[in-house]
Amino acid sequence: MDLPVIESPSPKAGGCSAGSCGSTADQMGGMSDAIRAKVQDHPCYSEDAHHYFARMHVAVAPACNIQCHYCNRKYDCANESRPGVVSELLTPDQAVKKTLAVAATIPQMTVLGIAGPGDPLANPERTFETFRQLAAKAPDIKLCVSTNGLSLPQHVEELSKHNIDHVTITINCVDPDVGAKIYPWIFWNNKRIHGREAAAILIAQQQKGLEMLTAKGILVKVNSVLIPGVNDEHLKEVSKIVKAKGAFLHNVMPLIAEAEHGTFYGVMGQRSPRPAELKALQDACEGDMNMMRHCRQCRADAVGLLGEDRGDEFTLDKIEAMEIDYEAAMAVRAELRAKVTAELEAKRAKAHAPAAPQVVQFMPRATKALREFPEGRTALAPVGRRVLMAVAAKGGLVAVHFGHAKEFLVYEASAEGAKFVGHRKAEQYCAGDETCGDGESVLDKTIKALVDCEVVLCSKIGYEPWGSLEAAGIQPNGEHALEPIEEAVMAVWQEMLAAGKLDAPPVAAKRA
Ligand code: CLF
Ligand code: SF4
C-alpha cells in the first residue's frame with residue numbers, strides 16, 4: 001500500500017539534538033569562542049566530545065577532610081568515582097611520568113583530572129605539585145580537579161594560576177538539615193565537627209567556592225549524588241541555585257550503595273535510585289541548567305575514553321620501561337586533535353543548518369496534530385510518542401555486538417530528534433550467561449537494566465538473546481550496524497511510526 005507523504009521539519013542532526021545533556025551541538029552553537037575552546041575536547045563537559053576524546057585521572061590525593069555516608073575510605077572518593085575499586089597511589093613525580101606516558105600513547109587523551117582517592121584539595125601540596133609540573137611539561141593537556149568544596153575558597157587563587165579551567169564541586173544539598181543526613185562530620189579548623197553544624201559549614205564553603213570560581217571565569221561542573229528519600233526532591237533546588245551562581249553543568253549521579261563496600265548507606269540498606277528515577281530527576285532539573293548524562297562514575301585512576309578503562313596498560317612498572325619523547329608526541333597529538341575537532345565542528349554546523357523539509361511517511365491511523373512551521377505554514381505532522389532505545393555503541397556508531405556490550409547508551413527518540421538520556425551498565429553476555437549468586441543470569445540482568453527501552457540496537461545479536469529480549473517486549477535490531485547512533489535511532493523511530501506502533505503504549509509499560 002502507498003503511504004501518504006507529508007512534509008515536516010527535519011529532526012535535528014547531532015547528539016542530544018533536543019539540546020539537554022552536557023554541552024550538546026545545540027548549546028555549543030550558543031557559546032562564546034572562549035568557552036567553546038574550553039569544552040570542545042573535554043569528554044566530561046561536552047557530550048559530543050566524549051565519543052572521541054579521553055581523560056585520565058592520577059590518584060595522588062589520599063586524605064579527606066570530610067566523611068560522606070556513601071564513602072568507605074578504603075576506596076576511591078565516591079564523589080567522582082565509583083566505590084569498590086582501589087587506586088594505586090602515586091607521588092606527584094610518578095603521576096607526571098604516568099600522564100606523559102599515557103598522553104604519548106593515547107593521543108586523544110586531552111584531560112588530566114585529579115579526583116582522589118580522597119579529596120584533592122585536602123592534599124594541596126601533592127595536587128598542586130602535580131599540576132605545576134604538568135602545566136610546564138605538557139601544556140597541551142587540560143587540567144581538571146574534583147573536590148568536595150570544603151577547602152575550595154582558600155585554593156581558588158592557586159587553581160587559577162595553573163591554567164585549571166575546569167573544577168567539579170560535589171554539592172548534594174543546600175540545606176544543612178538534608179546535609180546532616182549525608183555528612184556525619186567534617187574536619188574544620190583542626191576540629192571534628194558533627195551533624196547540622198558540619199553540614200552548614202560545608203555548604204557555605206561550597207557556595208563561596210562556586211561563586212569565586214565563576215567570578216574568575218573557571219568552568220564549574222556540579223556533581224550531586226542522588227540519594228532516594230534523602231535529597232531527591234531537594235536536588236531540584238540545588239540545581240536552580242548552582243545555575244544562578246554560574247555553574248556550567250550539573251551532573252546528577254546515582255548513589256552506589258552495596259553492603260560489601262562497607263559504607264554507612266550500604267550497611268544500612270539505603271537503596272540506590274532506579275534508572276527511571278534518575279532520568280525523571282535529570283529531566284526535572286534540565287529546565288534550569290545543562291545536565292550531564294554521560295558520566296560513567298569513573299575511578300580515581302581511570303585512563304581512556306569514558307566507559308572504557310586502559311589503566312592496566314599503565315601500571316608503574318610498565319611506565320618505568322617506557323621511553324617518552326613528549327615533544328614528538330605533542331605534534332602527533334595536535335594533528336589528531338585538529339582532525340577530530342574539524343569533524344566535530346562539521347557535525348555541529350550540520351546541527352545548526354536551517355532545517356530542510358524532510359519527507360515523513362506515516363500510516364493514516366498514526367496520530368496527527370497541527371504544527372506551525374517556522375515560516376508560518378501550517379501542515380499536518382505526525383506526533384508519535386517518545387521511545388527509549390538502548391544502543392550498543394562505540395565511537396558514535398552502532399558498532400558493538402550485543403553479547404560484547406559492557407554498557408548500553410540510552411536515547412529517547414521523538415519527532416524532535418534523538419536525545420541521549422543516559423547509559424546502563426551490563427555484563428558481557430558472551431562471557432557466559434551464568435546464573436549469579438542472586439539467581440539471575442547475565443541476560444536476565446541486562447533485560448532488567450533495559451526494562452524501559454523498547455528497542456535495542458547493536459551490530460549483531462545471537463538467536464537466544466534475541467528471543468529473550470523479544471519475549472520481554474524489547475525489540476532487538478541489528479540492521480543499522482556501523483551507522484551513526486542518532487541516524488540509526490531516528491530511522492528505527494520512523495519505521496515504528498510508519499508501522500503504527502507509536503499509537504499504542506509500549507509493551508514494557510503494559511507489563512509494568
Ligand atoms: Fe575527571 Fe571529573 Fe575532570 Fe572528568 S571525570 S575530574 S570532570 S576529567 Fe567525568 Fe568521570 Fe563522570 Fe567525573 S565521567 S566521574 S564527570
Ligand atoms: Fe569519601 Fe570523597 Fe566524601 Fe571524602 S569527599 S568522604 S573521599 S566520598
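Keep in mind it's a predicted model, so treat the numbers as computed, not measured. Order of appearance sets the numbers: ligands from 1, and atoms from 1 within every ligand.
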Problem - For Lys221, atoms of ligand 1 separated by under 4.0 Å from a heavy atom - result: 7 (S), 15 (S)
Handout entry: Identified salt bridge (Lys or Arg N to Asp or Glu O under 4.0 Å) partner of Glu286 from the options Lys243, Lys279, Arg293
Key = Arg293
Completion exercise
Within 4.0 Å of some non-hydrogen atom of Leu306, the atoms of ligand 1 are 13 (S)
Exercise for the section: Taking only heavy atoms of Asn148 into account, list the atoms of ligand 2 that are under 4.0 Å away from them. Expected result: 5 (S)
Handout entry: From the candidates Cys64, Cys71, Ala122, the one that places a heavy atom nearest atom 1 (Fe) of ligand 2
Key = Cys71
Practice task
Please confirm whether Phe402 and Phe408 have ring centers closer than 6.0 angstrom.
Solution key: yes
Practice task
Using a strict cut-off of 4.0 Å, indicate which atoms of ligand 2 neighbour a heavy atom of Cys68.
Solution key: 3 (Fe), 5 (S), 6 (S), 8 (S)
Handout entry: For Cys144, atoms of ligand 1 separated by under 4.0 Å from a heavy atom
Key = 3 (Fe), 6 (S), 7 (S), 8 (S)
Handout entry: Tyr45 and Asp165 side chains, donor-acceptor separation under 3.5 Å
Key = no
Exercise for the section: Would you check whether His50 reaches within less than 4.0 Å of ligand 1, judged by its heavy atoms? Expected result: no
Problem - Which segment of Met253 sits under 4.0 Å of ligand 1 when only heavy atoms are counted - result: neither
Fill in the blank from the handout: Per-atom filter on ligand 2: closer than 4.0 angstrom to a heavy atom of Pro117 are 7 (S)
Exercise for the section: Before accepting this row, confirm whether a basic side-chain N of the pair Arg296/Asp309 lies closer than 4.0 Å to the acidic partner's carboxylate O. Expected result: no
Practice task
Sequence neighbours left out, what passes side chain to side chain donor-acceptor pair (under 3.5 Å) with Arg310? Give chain and number order.
Solution key: Glu313
Problem - ligand 1-proximal atoms of His294, by part, heavy-atom distance under 4.0 Å - result: neither
Exercise for the section: Under the side-chain hydrogen bond (donor to acceptor under 3.5 Å, both in side chains) rule, what do Asn223 and Ser146 come out as? Steps first, then yes or no, please. Expected result: CA-CA 9 Å; Asn223 280 2; Ser146 171; 4.9 Å; no
Problem - Contact check: Cys298 to atom 9 (Fe) of ligand 1, N/O/S below 2.8 Å - result: no
Exercise for the section: Run the salt-bridge test on Glu158 and Arg132 with the 4.0 Å N-O cut-off and return the result as yes or no. Expected result: yes
Exercise for the section: Could you list which atoms of ligand 1 come closer than 4.0 Å to a heavy atom of Val111? Expected result: 8 (S)
Fill in the blank from the handout: One finds that the ligand 1 atoms under 4.0 Å from a non-hydrogen atom of Thr168 are 7 (S)
Completion exercise
For residues 203-215, the side-chain hydrogen bond (donor to acceptor under 3.5 Å, both in side chains) pairs (sequence neighbours left out) are Gln207-Lys245, Glu211-Lys245
Handout entry: Gln154 atom CD, neighbour heavy-atom count above 12 within 6.0 Å
Key = yes
Handout entry: Element-labelled atoms of ligand 1 that are located less than 4.0 Å from some non-hydrogen atom of Arg296
Key = 11 (Fe), 13 (S)
Practice task
Could you tell me whether Phe128 and His155 have their ring centroids closer than 6.0 angstrom?
Solution key: yes
Handout entry: With Leu134, the side-chain contact (heavy atoms from CB on, under 4.5 Å) member among Val58, Ile114, Val96
Key = Val96
Fill in the blank from the handout: Going by the 4.0 angstrom heavy-atom rule, the piece of His166 near ligand 1 is neither
Exercise for the section: Go through ligand 1 atom by atom and flag the ones less than 4.0 Å from a non-hydrogen atom of His57. Expected result: 1 (Fe), 5 (S), 6 (S), 8 (S)
Exercise for the section: Check each atom of ligand 1 against the heavy atoms of Cys295 and keep those under 4.0 Å away; list them by number with element. Expected result: 11 (Fe), 13 (S), 14 (S), 15 (S)
